[in-house]
Amino acid sequence: MKPVHGAAMRHNRKTMSDPLHAVSERFALAFATVAGRFADPIVRPSDHADAQINGALGVAKELGTNPRQVAEQVLEAAGDVSDICSSLEIAGPGFINVTLSNQFLSTQLKSVMSDQRLGVRVAPTRIMAAVDYSAPNVAKEMHVGHLRSTVIGDSIVRLLEFVGHTVIRENHIGDWGTPFGMLIEHLIDMGQDTAAQELGVGDLDNFYREARNKFDVDDAFKERARARVVLLQGGDTETLSLWRTLVSESTHYFNRVYQLLDVLLTDADIKGESSYNSLLGPVVERLRLAKLLETSDGADVVFPAGFNNRDGDPLPLIIRKGDGGYNYATSDLACVIDRTERLGASLLIYVVGAPQAQHLKMVEAVATQAGWLTPPAQMMHVAFGNVLGSDGKMLKSRVGDTVKLAALLEEAVERATVAIAQKNPEMAVDERSQVAHMIGIGAVKYSDLSTDRVKDYVFDWERMLSFDGNTAPYLQYAHARMCSIFRRAGVERISVRSVGPIIFDGREHTLAIRILQFDSAVWDALDKYSPHRLCTYLFELATDFTAFYEHCPVLKADTDEQRMSRLYLCDAAARVLECGLNLLGIRAPEQM
RNA sequence: GCUCACGUAGCUCAGCGGAUAGAGCACUUCCCUCCGGAGGAAGGGGUCGCAGGUUCAAUUCCUGCCGUGGGCACCA
């Protein structure tokens with residue numbers, strides 16, 4: 001799967017609010033003049049200034065001259081840039097250190113913050129994207145693997161929608177296949193009502209384990225289960241009714257978890273494997289007509305180029321098994337057809353664990369060969385790693401079982417409740433429970449989102465619920481403080497928005513630049529489907545705010561003008577922080 | 001065996017071809033009756049897995065090796 005190219009996802013950089021881009025634009029012509037061709041000024045954040053321009057070094061090499069000399073020529077060619085830069089210095093081997101003009105930042109802030117979108121650009125070409133995420137299995141407990149898919153997928157959905165794309169959420173639940181024979185027979189043994197009860201309260205693992213156990217030790221049961229699969233696939237009315245009981249009880253349970261987790265998924269987003277049944281036959285037929293289908297060891301397969309098995313022989317994607325049954329490759333291909341041809345989606349995102357990489361590549365290869373996936377339509381595997389315990393191994397409960405997602409989320413809320421009761425005992429009990437939910441769930445989601453998704457991450461209650469460091473509670477706390485100032489001041493937040501900020505202090509300056517970089521941060525996260533990049537930005541924003549708050553008195557400012565200006569910065573920072581957290585699927589309480 | 005990821009401070013993690021590689025926690029020293037102390041300042045701590053290569057410049061790109069984990073024909 002190739003990275004996203006083309007106009008659909010890129011944006012016209014001319015409207016970027018990031019001040020570094022203004023610098024880049026302003027110096028582009030000067031670099032072209034000096035270099036005699038287009039040359040990227042290469043503007044980057046810097047430890048030594050607001051930004052550094054690195055382009056002179058490369059140009060000097062090309063011209064065979066001294067980089068510092070090139071830098072001087074560039075400065076000369078750029079002419080008067082005092083409207084955006086208050087200082088320009090050549091440093092080191094030929095860097096140009098840039099300090100942005102306070103006046104410029106002030107003007108930019110006022111313009112950007114008057115926008116409901118806080119400067120975040122809309123995609124120039126709006127596309128339709130199908131995001132495949134969460135995907136729990138019917139009659140099976142949700143675990144931390146589903147947590148990652150659900151949380152990351154949900155954030156990507158929010159990001160895509162925020163920039164104007166149309167998103168179809170696809171919850172590809174596992175509601176079909178051979179295990180349903182044993183599950184239905186177990187349901188019959190238990191009695192529908194009892195079984196519904198057990199599934200309804202979320203004891204899915206127990207139900208599944210019992211069914212599995214009987215299947216393994218009881219030959220008669222095994223035989224019934226096999227016969228039941230045939231009935232199910234044959235569309236037997238009574239069997240389908242029993243099957244529907246399993247599905248609906250499970251989905252009720254999933255919905256409870258989704259509600260607790262505060263994600264966008266609803267019943268309307270469920271697109272179970274069973275819903276593709278009628279499309280599986282046509283997949284085979286179309287592959288046959290396209291002359292891609294071959295028979296190998298009794299199975300109908302396609303051999304996409306470039307895939308080998310452990311013996312070095314071509315590796316097939318099995319479309320139809322030797323016993324005539326279909327498997328998940330068939331179903332995934334049916335999904336591609338459905339999403340591209342029926343829904344008209346041009347971006348197919350799969351928020352699925354990293355181990356599925358090869359399978360998805362093979363599906364993509366076959367779908368492309370068959371002509372079901374033609375550019376600019378593309379598949380994108382948003383892969384993620386495992387959740388580990390503090391021992392560095394896959395997260396397990398004390399007993400060694402997989403951790404139930406529902407139990408984990410409840411524990412998060414409980415822990416947050418304790419923390420808030422300790423730190424803010426005055427808060428009313430009902431408000432406390434609401435806030436505890438936002439903090440606890442936010443902490444879990446943020447700990448999942450804030451590191452590079454492709455890596456494994458270590459699950460650690462204490463760290464994720466800490467109010468220090470790169471955590472959700474720290475960001476939420478920063479937001480609550482921003483809001484708190486307005487209550488203290490007795491000023492409506494909206495009322496400060498008509499004034500313009502006056503940037504003077506260094507901390508105000510730094511904070512203003514950070515706020516203006518929200519657009520860059522959102523697009524950066526979206527370009528790489530990496531919410532953690534947005535997390536890093538929000539953490540820096542909160543850090544910059546804290547420094548500002550510490551050193552720049554707001555309510556006790558020297559003048560009314562300065563007080564209003566600083567309130568303006570508080571409001572702007574709060575708006576960006578709340579919006580950013582929202583794009584991660586995390587709530588930002590006004591008090592905590 | 002082939003293949004795909006990952007390897008950065010004691011721990012957990014950022015890091016966009018650019019200057020002296022950052023953050024939080026932990027540790028050491030110090031400060032402050034301050035708009036929410038759920039503070040602030042300073043400090044110690046690194047052969048960026050190893051070795052080559054490309055480049056004016058490599059933690060970043062390329063190749064090889066080492067280590068860890070995953071995948072490699074009818075489970076999904």
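Predicted, not measured: the structure shown is a model, and the values here were computed from it. The basis for the numbers below is simple: all heavy atoms, side chains too, and nothing from hydrogens, waters or symmetry mates.
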Distance, rounded to the nearest Å, where [X] contributes [atom1] and [N] contributes [atom2]:
X       : N       : atom1 : atom2 : result
K61(A)  : rG18(B) : NZ    : C1'   : 16 Å
F303(A) : rC72(B) : CZ    : P     : 16 Å
R507(A) : rG39(B) : CZ    : P     : 17 Å
L388(A) : rU68(B) : CG    : C1'   : 12 Å
D216(A) : rC75(B) : CG    : P     : 15 Å
F180(A) : rA76(B) : CZ    : C1'   : 11 Å
F95(A)  : rU20(B) : CZ    : C1'   : 12 Å
D332(A) : rC75(B) : CG    : C1'   : 13 Å

Scan [X] against the nucleic acid and name what it touches under 4.0 Å (heavy atoms): base, sugar-phosphate only, or nothing.
X       : value
Q52(A)  : base
N97(A)  : base
N308(A) : sugar-phosphate
F539(A) : sugar-phosphate
D297(A) : base
C552(A) : base
G94(A)  : nothing
A383(A) : nothing
A91(A)  : base
P553(A) : base
G322(A) : base
A299(A) : base
P45(A)  : base
S46(A)  : base

Side-chain donor/acceptor of [X] to backbone N/O of [Y], under 3.5 Å:
X       : Y       : result
S565(A) : I502(A) : yes
S149(A) : S134(A) : yes
T417(A) : A436(A) : no
N386(A) : M394(A) : no

- prompt: Where each residue is assigned the nucleotide of RNA chain B containing its nearest heavy atom, which of Y477(A) and D468(A) is assigned the position nearer the 5′ end?
  reply: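 Residue closer to the 5' terminus by nearest nucleotide: Y477(A).
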query: Between A480(A) and I318(A), which has a closest nucleotide on RNA chain B that is more 5'?
result: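 Here A480(A) is the residue nearer the 5' end.
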task: If the plane angle is over 60° it's perpendicular, under 30° parallel, otherwise tilted; pick one for F459(A) and W461(A).
output: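 Correct class here is perpendicular.
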If we take the [atom1] atom in both [N] and [M], what is their distance in whole Å?
N       : M       : atom1 : result
rA57(B) : rG18(B) : P     : 14 Å
rA51(B) : rU12(B) : P     : 24 Å
rG67(B) : rG49(B) : C1'   : 7 Å
rU8(B)  : rC13(B) : P     : 10 Å
rA5(B)  : rA76(B) : P     : 26 Å
rG17(B) : rC48(B) : C1'   : 15 Å
rC50(B) : rC66(B) : P     : 15 Å
rU29(B) : rC34(B) : P     : 26 Å

All N/O contacts under 3.5 Å from nucleotides 9-14 of chain B to the protein, with atom names and distances to one decimal?
| from | atom 1 | to | atom 2 | distance (Å) |
| --- | --- | --- | --- | --- |
| rU12(B) | O2' | R463(A) | NE | 3.1 |
| rU12(B) | O2' | R463(A) | NH2 | 2.6 |
| rC13(B) | OP1 | V458(A) | N | 2.9 |
| rA14(B) | OP1 | D452(A) | N | 2.4 |
| rA14(B) | OP2 | K455(A) | NZ | 3.1 |

field: Secondary-structure string, 5' to 3', Watson-Crick or G-U under 3.5 Å, | for another-strand partners, for RNA chain B
entry: (((((((..((((....[...)))).(((((.......))))).....(((((..]....))))))))))))....
message: Under 4.0 Å from OP1 or OP2 of rG36(B): is there any side-chain N or O of R488(A) that close?
response: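 Result: yes.
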task: Respond yes when some side-chain nitrogen or oxygen of R533(A) is under 4.0 Å from OP1 or OP2 of rG15(B), and no when none is.
output: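 Yes, within the criterion.
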task: Given ring pair (Phe, Tyr, Trp, His ring centres under 6.0 Å), test H172(A) with Y276(A) step by step and report yes or no.
output: CA-CA 10 Å; H172(A) 195 70; Y276(A) 295 95; 5.5 Å; yes
T295(A) and D300(A): CA distance, side-chain angles, deciding distance, side-chain contact (heavy atoms from CB on, under 4.5 Å) verdict: CA-CA 5 Å; T295(A) 304; D300(A) 290 335; 3.7 Å; yes
- prompt: By salt bridge (Lys or Arg N to Asp or Glu O under 4.0 Å), which residues pair with R463(A), not counting sequence neighbours?
  reply: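 Only D460(A) meet the salt bridge (Lys or Arg N to Asp or Glu O under 4.0 Å) criterion with R463(A).
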- prompt: Among rG71(B), rG40(B), rC56(B), which nucleotide sits nearest the side chain of P355(A)?
  reply: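 Of the options given, the side chain of P355(A) lies nearest rG71(B).
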Decide whether [X] and [Y] meet the rule of one side-chain donor and one side-chain acceptor closer than 3.5 Å.
X       : Y       : value
N277(A) : S274(A) : no
Y477(A) : T546(A) : no
D544(A) : T510(A) : no

- request: May I have the step-by-step check of side-chain contact (heavy atoms from CB on, under 4.5 Å) for E590(A) and R487(A), ending in yes or no?
  value: CA-CA 10 Å; E590(A) 297 197 352; R487(A) 284 194 300 274; 4.2 Å; yes
task: Could you tell me whether R533(A) and D527(A) make a salt bridge, using a distance below 4.0 angstrom between a side-chain N and a carboxylate O?
output: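 So R533(A) does not pair with D527(A) through a salt bridge.
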- prompt: Any stacking of Y328(A) on rA76(B), going by centres under 5.5 angstrom and planes within less than 30 degrees?
  reply: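 Yes, aromatic ring over the base.
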